[in-house]
Number of protein chains: 2
Amino acid sequence: MATGRTHRPATRSRGIPEATVARLPLYLRALTALSERSVPTVSSEELAAAAGVNSAKLRKDFSYLGSYGTRGVGYDVEYLVYQISRELGLTQDWPVVIVGIGNLGAALANYGGFASRGFRVAALIDADPAMAGTPVAGIPVQHADELEKIVSDNGVSIGVISTPAGAAQQVCDRLVAAGVTSILNFAPTVLSVPDGVDVRKVDLSIELQILAFHEQRKAGEEAAAGDDVDQAAPPVRAAASSSRKGPDGDMPAVMPA
Amino acid sequence: MATGRTHRPATRSRGIPEATVARLPLYLRALTALSERSVPTVSSEELAAAAGVNSAKLRKDFSYLGSYGTRGVGYDVEYLVYQISRELGLTQDWPVVIVGIGNLGAALANYGGFASRGFRVAALIDADPAMAGTPVAGIPVQHADELEKIVSDNGVSIGVISTPAGAAQQVCDRLVAAGVTSILNFAPTVLSVPDGVDVRKVDLSIELQILAFHEQRKAGEEAAAGDDVDQAAPPVRAAASSSRKGPDGDMPAVMPA
DNA sequence: TACTGTGAACATGTTCACAGCC
DNA sequence: GGCTGTGAACATGTTCACAGTA
């Protein structure tokens with residue numbers, strides 16, 4: 001079959017669901033651990049447990065990649081590691097730059113999980129001239145002026161932004177202008193980018209807020225009653241005074257001034 | 001209405017969709033920014049743009065909280081800030097502990113986004129005795145032996161784990177035993193916890209892998225053809241030799257030994 | 001026998017488009 | 001007129017349950 005990508009199930013062709021893609025790294029991590037322990041074969045049940053998902057989901061996920069298992073036996077660990085790595089594009093080398101070398105940038109530079117997955121930290125970049133030359137994780141920090149040159153010289157297509165929020169959009173613009181097409185953003189800002197550029201964000205405080213939401217639910221589960229556990233005085237609604245129909249926990253019918 | 005939570009739309013009662021909950025912090029951040037600029041009112045369109053979502057989604061999300069807008073006008077900024085904060089449980093104070101004070105732990109301790117959202121770092125904990133007493137972000141690091149005491153003395157219900165992977169499960173078990181019921185895990189491991197305990201994970205390398213997946217797609221978009229851009233030699237499949245039907249990018253029909 | 005692979009049922013999430021209201 | 005709020009249509013994701021097979 002030399003005519004490239006022509007066969008394929010034809011039904012969903014080249015569309016691995018996003019939800020599945022997001023779990024592949026999880027499976028890969030679990031498989032890598034098994035591989036290191038020289039486990040030759042694993043069942044969907046075992047692997048699912050190791051990855052923290054249920055086995056039906058795992059099998060469904062794998063079915064999008066192809067039929068890589070053996071009925072009655074399970075999956076060949078090494079083989080699956082290879083297939084998932086290839087699917088994720090980890091059989092090639094991805095040079096990345098990290099911009100903004102504070103505590104977080106340093107943590108990222110030191111993070112072992114990158115190197116072991118085909119990601120190579122091509123450069124660390126910071127706007128503070130005092131940092132230039134200082135090695136972090138064995139890599140000397142370069143000044144932001146060099147950004148464009150670094151990106152093009154190294155063929156960097158993935159950039160990591162760990163600057164303060166205020167600098168993020170500008171850094172992003174420069175990365176994109178220099179040729180970066182994927183950005184991992186740790187700064188708590190919405191980045192705007194042209195079409196064709198992917199952004200993923202990781203916001204440390206958002207995750208905590210989601211936990212707080214659920215935590216609050218647990219507390220109020222059956223101890224309910226308390227409609228005014230609030231301690232902060234609710235602000236007054238601007239205009240209209242009537243007609244709100246928010247669920248419970250609502251403010252008093254006429255809001256305090 | 002002293003009889004607590006009795007009214008409510010009755011249809012979906014107390015179920016804000018997870019996807020909506022996950023976006024509330026985003027809206028809150030955008031609203032806070034508007035509030036700081038003393039903007040009194042905002043339309044779904046404007047706010048959606050600021051939060052990086054589309055306006056239909058935003059309106060739908062808000063509709064789960066109640067009818068907090070004014071037709072023809074928009075939403076009152078201060079009022080919405082309050083409502084969302086309350087919904088997320090941020091009108092109360094959440095003491096958190098951070099366990100594992102490496103670069104990442106330090107980054108978290110320094111992160112301004114916590115304090116400003118009702119999260120108070122009650123303690124920093126590390127297993128390294130040499131760190132004990134050293135202040136990080138103005139808070140002295142305490143030894144891991146103190147973990148249980150710290151958690152119960154401070155009524156901590158949310159714990160953050162930023163230890164190496166190997167230590168995470170043990171730390172998790174101790175946190176849970178001490179009374180923590182929500183955990184934010186930065187260690188690249190699957191944590192197992194009893195029912196009733198929430199875990200959210202943030203994995204720095206997983207996000208990069210997802211980007212790599214999409215990046216790979218972009219590259220191969222129309223330059224397709226190359227069925228063997230692979231450079232790493234594919235491992236041999238254990239047993240059976242025939243009958244795989246993976247989509248394109250498959251290995252040669254008979255795998256090389 | 002013990003497993004995978006997968007249709008079909010179900011659940012959740014998103015978008016559309018417009019009625020309702022200020 | 002210009003906005004919100006929301007049913008209804010659609011899209012995506014998850015789970016079930018079992019046929020197929022090494």
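Order of the sequence lines sets the chain letters (A, B, ...), proteins ahead of strands, with each chain counted from 1.
Put simply, A:Asn54 has no side-chain N or O that comes within less than 4.0 Å of OP1 or OP2 on D:dT14. Using a 4.0 Å cut-off, some side-chain N or O of B:Ser44 falls inside it from OP1 or OP2 of D:dT4. Side-chain N/O atoms of A:Lys60 include none lying less than 4.0 angstrom from OP1 or OP2 on D:dT14. Close to D:dG13, at under 4.0 Å from its OP1 or OP2, lies no side-chain N or O of A:Lys57.
Proximity of the aromatic rings of B:Tyr68 and B:Tyr75 is defined here by a centroid distance below 6.0 angstrom, and this criterion is not met. For A:Tyr79 and A:Tyr82, the distance between ring centers is not under 6.0 angstrom.
B:Glu207 contributes no side-chain N or O that, together with a main-chain N or O of B:Leu204, makes up a donor-acceptor pair within less than 3.5 Å. The main-chain N or O of A:Gly196 is found under 3.5 Å from a side-chain atom of B:Lys218 such that the two form a donor-acceptor pair.
In this structure, CZ of B:Arg59 is placed 11 Å from P of D:dT6, rounded to the nearest angstrom. Counting to the nearest Å, the P atom of D:dT12 and the CZ atom of A:Arg23 are 15 Å from each other. Remark: P of D:dT6 and CD1 of B:Ile16 are 14 Å apart, rounded to the nearest angstrom. Between B:Tyr64 atom OH and D:dG5 atom C1' the separation is 11 Å, expressed in whole Å. Between the C1' atom of C:dT4 and the CG atom of A:Asp61 lies a distance of 14 Å, rounded to the nearest Å. One interatomic measurement links the two molecules: CD of A:Glu46 to P of C:dC3, which rounds to 8 Å at whole-angstrom precision. Atom OH in B:Tyr75 sits roughly 14 Å away from atom C1' in C:dC22 (whole-Å rounding). Between the C1' atom of C:dT4 and the OH atom of A:Tyr79 lies a distance of 15 Å, rounded to the nearest Å.
The number of heavy-atom neighbours closer than 6.0 Å to CD of B:Gln169, taken from other residues, nucleotides and ligands shown, is above 12.
Residue A:Arg71 places no side-chain atom within donor-acceptor reach of the base of D:dT21, judged by atom type and a 3.5 Å distance cut-off alone.
Mapped onto DNA chain D by nearest heavy atom, B:Val73 and A:Ala19 fall at different nucleotides, with B:Val73 at the one closer to the 5' end.
The side chain of B:Ser67 lies closest to D:dG5, out of D:dG13, D:dT15, D:dG5. With D:dT6, C:dG13, D:dC16 as the candidates, the nucleotide lying closest to the side chain of B:Ser63 is D:dT6.
Nucleic acid contact for B:Glu45: none, since no nucleic acid atom lies under 4.0 Å from a heavy atom of the residue. No engagement by A:Phe62 is indicated, since no non-hydrogen atom pair under 4.0 Å with the nucleic acid exists.
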